[in-house]
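Notes follow the structure.
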Amino acid sequence: MIDPQILRNDPEVIRESQRRRGEDPALVDQLVAADIGARQDQQFFDDLRNTQKILSKEIGPLQGQLKKNPSPELQQQVDQLMEKATALAADVKAAEQKAAAKAQEVDQLWLQVSNLVDLRSPVGGEDDFVVLEEVGTPRDFAAEGFEPKDHLTIGQGIKAIDTERGAKVSGSRFYFLTGQGAMLEFALLNLAMSQALANGFIPMITPALVLPQAMEGTGFLGQAAENVYRIESDDMYLVGTSEVPLAAYHSDEIIPAKELPLRYAGWSSCFRREAGASGRDTTGIIRVHQFDKVEMFVYCDPAEAEAEHERILQWEKDFIDALEIPYRVIDVATGDLGSSAARKFDIEAWIPTQGKYREVTSTSNTTEFQARRLKIRMRNDSGTKPLATLNGTLCAMPRIIVAILENHQNANGSVNIPAALRPYLGGAKQLTEPKQLTEPGTP
RNA sequence: GGAGGCGUCGCCUAGUCCGGUCUAUGGCGCCGCACUGCUAAUGCGGUUUGGGUUCAUCCCCAUCGAGGGUUCAAAUCCCUCCGCCUCCGCCA
């Protein structure tokens, strides 16, 4: 949610943001009208309620007197007041219901408005991003004298990835990480968590099932709703990222300014329906329904948010650097920000067999948008105010595994392990074909 | 799943039986002022959150886990739900 003062003082700012996103600016005009109406109705109720309270306070003491010394005169006085009060009660109730209905209408409209875009975000759709930098040089496999294999071929060769049995057990876009594939994920987890810990993050293992208000508050029930799994029988949602539980963690709380910034590194499974992506990335583990991820999540003073966003991006780069993977950083365009982000940077890793860069991490500055929805505030000397939240991927397992397998493969199908990862794999320098796992179809 | 207990403005707590002196008590903590070589102690005042109004002060409304209901009037009475604790049963 956006600061309602902006709606009242300068609604054009919100209209412009909606236009840049390719969303409906007329929503803002609906909101302006609804907001005025709701405040009028609230004021009407407040005043009516005030008269009722004053009247009620007159009746109380009179009732007391009447009990001690009953007199017809007093009785008449009380009766008269009661008559007025009874009539008023109905009006108060009606006014209250009207005001509540209007307030709800305003809330519903606000839920449809996305965050104000950062004016530096490039305007346009998915393809209108701006490349900020390219880091590292893709390997020249031709010069090395062999054709690179795709990650699935390599993964199957070293018995690290099993998509056939994944599909057998759970359907398409599911997979098993087996043997050293599983160990590779654990190693990446440990590397990521060590880095996060060194950067002052608090490690967190979060719920993967959340209540509707957590999903709503983080902004995933808007346009992104079709990609969210819902557990109908219990009215809960499977999270697509631990950003959701990490944001809702402090909902309805007021955090002292001196405790900020609060940095959390969450580890959870992530679930995505990938609706509307049918036909894209159908082989391998680039686009899957379930994966594990280490996510950075920060609560900070809004004045610090932009600098923190840069820091998170740097930590993401540090991690990919450590894995020795070539990548580029893009400034995501307004149409591709999602409802919560004001600005978003993606890191895209080089995927040799696709000959292009593919998203492996994403960091968003959601400014005060989520904090307002989730009622998270900070307290400093001048009072309480909404704080800012930011998120960024530290390590999304399958895609990082894809990037490692493809970029560090050898002609014989083995894979070199980046030096930073070796300590977490017992010092091994390569992933090679093991003997113990059976082929699919073998009894 | 069964039985019982509990949920009050940072923390602890009074109030709930019996509705109106609750404009929610007291203590701790915190903030300000006074006193004082300094500190401590003491005294006085302030201290939930959100909304409306205002230059600001003031004032008004809501808020006693949440939502309904009864009533002129609800922390207090009734109903539903949620959470926590204890015990029992089942299970990882």
Side-chain angles (χ1 to χ4, degrees), chain A residues 1-9 31-70 74-111 205 207-217 231 233-237 245 248-260 262 269 368 370-387:
Chain A
M1 180 178 174
I2 298 166
D3 185 350
Q5 290 304 327
I6 296 175
L7 182 78
R8 289 164 200 168
N9 301 330
L31 248 180
V32 169
D35 180 61
I36 291 169
R39 274 186 292 159
Q40 280 170 348
D41 288 351
Q42 182 65 40
Q43 193 66 56
F44 183 72
F45 162 70
D46 284 356
D47 292 343
L48 215 52
R49 177 81 175 134
N50 187 26
T51 17
Q52 184 189 37
K53 282 172 82 168
I54 292 167
L55 200 53
S56 248
K57 268 174 205 165
E58 283 181 54
I59 294 172
L62 285 179
Q63 293 273 37
Q65 278 182 47
L66 196 58
K67 267 190 189 158
K68 279 184 213 161
N69 328 293
L74 210 56
Q75 183 66 55
Q76 199 194 352
Q77 211 181 335
V78 170
D79 286 349
Q80 268 178 10
L81 284 175
M82 284 289 246
E83 203 180 311
K84 266 168 79 181
T86 308
L88 197 57
D91 293 347
V92 170
K93 182 170 273 189
E96 181 174 25
Q97 277 166 1
K98 193 175 172 204
K102 280 286 190 65
Q104 207 189 346
E105 186 192 325
V106 171
D107 290 346
Q108 280 308 312
L109 285 170
W110 269 125
L111 284 180
I205 297 173
L209 276 171
V210 299
L211 297 170
Q213 57 261 39
M215 220 46 167
E216 185 100 88
I231 309 293
S233 57
D234 296 277
D235 195 17
M236 294 188 83
Y237 293 91
Y249 186 66
H250 285 298
S251 54
D252 289 306
E253 292 183 23
I254 300 173
I255 299 169
K258 65 176 196 294
E259 288 177 22
L260 299 174
L262 269 174
S269 292
E368 302 167 17
Q370 292 179 331
R372 283 183 192 277
R373 287 183 166 213
L374 292 165
K375 299 183 173 57
I376 310 168
R377 285 153 292 171
M378 57 179 284
R379 190 199 309 279
N380 58 18
D381 295 336
S382 49
T384 64
K385 63 173 185 181
L387 43 67

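Just so it is clear, the structure is predicted and the values come from calculations on it, not from any experiment.
- Distance check on atom P: B:A75 versus B:C17 gives 12 Å, rounded to whole Å.
- Put simply, A:T86 has no side-chain N or O that comes within less than 4.0 Å of OP1 or OP2 on B:A73.
- The partner of B:U53 cannot be assigned: no Watson-Crick or G-U wobble pair with both contacts below 3.5 Å exists in any strand.
- Pair assignment for B:A73 gives none, since no Watson-Crick or G-U wobble pairing has each distance under 3.5 Å.
- Under the 3.5 Å distance criterion, the side-chain polar atoms of A:N9 are matched with a main-chain donor or acceptor of A:Q5.
- Comparing the P positions of B:U80 and B:C85 gives a spacing of 24 Å, expressed to the nearest Å.
- One C1' atom belongs to B:G67, the other to B:C90, and the distance between them is 33 Å to the nearest Å.
- For the C1' atoms, the distance linking B:C58 with B:U21 amounts to 25 Å, nearest Å.
- The environment of NZ in A:K375 is sparse: at most 12 heavy-atom neighbours from other residues, nucleotides or ligands sit within 6.0 Å.
- Note that CD1 of A:I254 and CG of A:L387 are 10.5 Å apart. Values are rounded to the nearest 0.5 Å.
- In this structure, CG of A:L211 is placed 13 Å from C1' of B:A66, rounded to the nearest angstrom.
- Under the Watson-Crick and G-U wobble criteria, each requiring two contacts below 3.5 Å, nucleotide B:C58 is left unpaired.
- An OP1 or OP2 oxygen of B:U70 is reached within less than 4.0 angstrom by a side-chain nitrogen or oxygen of A:K93.
- In this structure the side chain of A:K385 reaches within 4.5 angstrom of the side chain of A:N380, judged on heavy atoms.
- Atom CD of A:E253 has more than 12 heavy atoms from other residues, nucleotides or ligands within 6.0 Å.
- B:C33 sits 14 Å from B:A40 when the P atoms are compared, rounded to a whole Å.
- Nearer the 5' end of RNA chain B, as judged by each residue's closest nucleotide, is the contact made by A:I254, out of A:A89 and A:I254.
- Per the geometry, CD belonging to A:Q213 stands 14 Å off C1' belonging to B:G65, to the nearest Å.
- Across all strands shown, B:A34 is found opposite B:U42 as a Watson-Crick or G-U wobble partner, with both distances under 3.5 Å.
- Considering only heavy atoms from C-beta on, A:L211 comes within 4.5 Å of A:M236 through its side chain.
- Straight-line distance from the CG atom of A:D41 to the P atom of B:U53: 13 Å, rounded to whole Å.
- Separation of atoms CD (A:Q40) and CG (A:D35) is listed at 10.0 Å; rounding is to 0.5 Å.
- Rounded to the nearest Å, the gap between the C1' atom of B:C87 and that of B:C81 is 24 Å.
- The partner of B:C6 is B:G83, judged by Watson-Crick or G-U wobble contacts that both fall below 3.5 Å.
- Within the nucleic acid shown, A:L88 has no heavy atom closer than 4.0 Å to any nucleic acid atom.
- Here the P atom of nucleotide B:U63 and the CG atom of A:D252 are 17 Å apart, to the nearest Å.
- A donor-acceptor distance shorter than 3.5 angstrom exists from the side chain of A:R373 to the backbone of A:L111, with no hydrogens or angles considered.
- Taking atom NZ of A:K375 as the reference point, atom C1' of B:U63 lies 13 Å away to the nearest angstrom.
- A:D91 has its CG atom 13 Å from the C1' atom of B:C72, to the nearest Å.
- Here A:R8 reaches the OP1 or OP2 of B:G52: one of its side-chain N or O atoms lies under 4.0 Å away.
- The listed nucleotides are B:U49, B:G69, B:A73; the one nearest the side chain of A:Q97 is B:G69.
- A heavy atom closer than 4.0 Å to some atom of RNA chain B occurs in no member of residues 101-111 of chain A.
- Nucleotides B:U39 and B:U76 have their C1' atoms positioned 47 Å apart, rounded to a whole Å.
- Atom CD in A:E253 sits roughly 15 Å away from atom C1' in B:G65 (whole-Å rounding).
- Nucleotide B:C64 has no partner under the Watson-Crick or G-U criteria, as no pair reaches both atom distances under 3.5 Å.
- With rounding to the nearest 0.5 Å, the separation of CE in A:M1 from CG in A:L109 is 11.0 Å.
- For the atom pair CE of A:M378 and CG of A:L262, the computed distance is 11.0 Å after rounding to the nearest 0.5 Å.
- In a base pair of the Watson-Crick type (N1 to N3 plus N6-O4 or O6-N4) or a G-U wobble (N1-O2 and O6-N3), with each distance short of 3.5 Å, B:C11 is matched with B:G27.
- At a threshold of 4.5 Å between non-hydrogen side-chain atoms, the residues A:L7 and A:I2 do not count as touching.
- Taking the side chain as every heavy atom from C-beta outward, A:V106 and A:K102 never approach each other to under 4.5 Å.
- Taking atom P in both B:G15 and B:G20, one finds a spacing of 14 Å when rounded to whole Å.
- Using a 4.0 Å cut-off, some side-chain N or O of A:R39 falls inside it from OP1 or OP2 of B:U53.
- Remark: A:Q43, A:F45, A:D46, A:R49, A:N50, A:Q52, A:K53 in residues 42-54 of chain A come within less than 4.0 Å of RNA chain B through at least one heavy atom.
- A:N380 has its CG atom 18 Å from the P atom of B:G10, to the nearest Å.
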